[in-house]
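Working notes, beginning with the structure itself.
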Amino acid sequence: MTEQNPATTDSKSRPSWDEYFAGLVDEIAGRATCDRGRSGCVVVRNKRIICTGYVGSPSGLSHCDEVGHLLKKAVDEDGTVRQHCVRTIHAEQNAICQAARYGLPLEGTTLYCTMVPCRVCAMLIASVGINRVVARRRYHAGHDTREIFAQAGVDLKVLEDTVESYEGQG
């Protein structure tokens with residue numbers, strides 16, 4: 001009689017690396033300090049975490065959860081008016097700033113995030129040499145991001161074909 005390895009007979013399968021790091025993004029998002037978009041981000045090289053980020057105010061400044069939102073109106077070309085909270089910076093921006101602060105190069109890394117990054121984050125991602133982005137969900141205004149990534153050669157993968165929704169997204 002041959003012995004079976006319990007790991008091979010277990011009905012629970014291990015998550016893929018993309019699923020694993022996307023799950024960590026959800027945990028990191030729990031630190032976010034703006035309830036309009038509690039997002040997280042993790043940047044990985046060779047299956048090792050380089051840095052993380054979440055939506056929050058810069059160090060030393062007040063957080064939305066403490067003093068409320070700092071909303072500004074933005075008007076799209078089609079006349080749609082949106083409100084954006086400008087008290088915080090995005091998870092992707094926070095992760096890139098953390099890497100810069102500690103001298104960690106991001107060339108050739110993969111960035112995992114809650115939703116497809118915004119236009120500004122996409123430009124930063126392309127500028128620092130991140131070559132792959134894995135987003136949990138789509139972003140309602142992700143058209144520019146897809147174009148920027150295509151031009152810059154950044155591979156974009158979306159795990160769930162749903163649009164991230166949050167309060168006041170417009």
Side-chain angles (χ1 to χ4, degrees), residues 15 17-45 48-76 79-104 106 109-128 130 132-146 148-149 154 156-170:
W17 285 108
D18 284 349
E19 293 165 338
Y20 171 72
F21 289 118
L24 292 177
V25 165
D26 294 341
E27 191 68 26
I28 293 162
R31 292 278 308 151
T33 62
C34 180
D35 66 1
R36 293 187 76 243
R38 294 199 188 274
S39 296
C41 172
V42 61
V43 182
V44 174
R45 178 184 292 112
R48 301 293 178 254
I49 296 171
I50 302 299
C51 58
T52 65
Y54 52 84
V55 172
S57 297
S59 297
L61 299 182
S62 299
H63 297 286
C64 295
D65 290 351
E66 299 166 346
V67 297
H69 300 290
L70 180 57
L71 297 174
K72 300 286 183 175
K73 289 184 181 179
V75 181
D76 293 341
T80 302
V81 177
R82 301 182 191 279
Q83 285 196 320
H84 292 277
C85 181
V86 296
R87 185 173 307 285
T88 59
I89 59 177
H90 294 178
E92 300 86 348
Q93 294 164 2
N94 253 331
I96 290 168
C97 288
Q98 182 185 55
R101 185 176 209 168
Y102 295 103
L104 303 169
L106 298 180
T109 57
T110 297
L111 182 144
Y112 292 86
C113 51
T114 303
M115 66 182 122
V116 171
C118 73
R119 184 180 198 285
V120 171
C121 288
M123 291 189 297
L124 292 171
I125 288 165
S127 292
V128 300
I130 294 169
R132 184 168 182 256
V133 173
V134 178
R136 166 82 65 203
R137 290 175 282 283
R138 299 198 179 282
Y139 171 50
H140 71 277
H143 177 72
D144 286 349
T145 295
R146 289 188 298 276
I148 290 166
F149 284 173
V154 177
L156 174 63
K157 178 179 180 179
V158 179
L159 298 177
E160 299 172 14
D161 193 21
T162 58
V163 175
E164 180 77 10
S165 62
Y166 52 90
E167 180 187 334
Q169 99 184 16

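As a basis for the values below, the full set of heavy atoms in this structure was taken, side chains included, without hydrogen atoms, waters or symmetry mates.
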Measure the spacing between CD1 of I89 and OG of S57 and express it to the nearest 0.5 Å.
-> 8.5 Å
Exceeds 12 heavy-atom contacts within 6.0 angstrom, atom CD of E160 = yes
Is there a side-chain contact (heavy atoms from CB on, under 4.5 Å) between V67 and R87 once you walk through the steps?
-> CA-CA 10 Å; V67 297; R87 185 173 307 285; 3.6 Å; yes
Between CG of D144 and SG of C118, what distance do you get to the nearest 0.5 Å?
-> 10.0 Å
Side-chain heavy atoms of R136 within contact of D26, under 4.5 Å | yes
Name all residues meeting the side chain to side chain donor-acceptor pair (under 3.5 Å) criterion together with S127; count only those two or more places apart in sequence or in a different chain, and write none if there are none.
-> none
With sequence neighbours excluded, tell me which residues meet ring pair (Phe, Tyr, Trp, His ring centres under 6.0 Å) with F21.
-> W17, Y112
What is the distance from atom CD of Q93 to atom CG of L124, rounded to the nearest 0.5 Å?
-> 6.0 Å
Exceeds 12 heavy-atom contacts within 6.0 angstrom, atom CZ of R45 | yes
Pairwise distance CZ(F149) to CD1(I130) - rounded to 0.5 angstrom = 8.0 Å
Looking at CD of E92 and SG of C113, how far apart are the two atoms once the value is rounded to the nearest 0.5 Å?
-> 5.0 Å
Separation of I49 CD1 from I28 CD1 (nearest 0.5 Å) | 6.0 Å
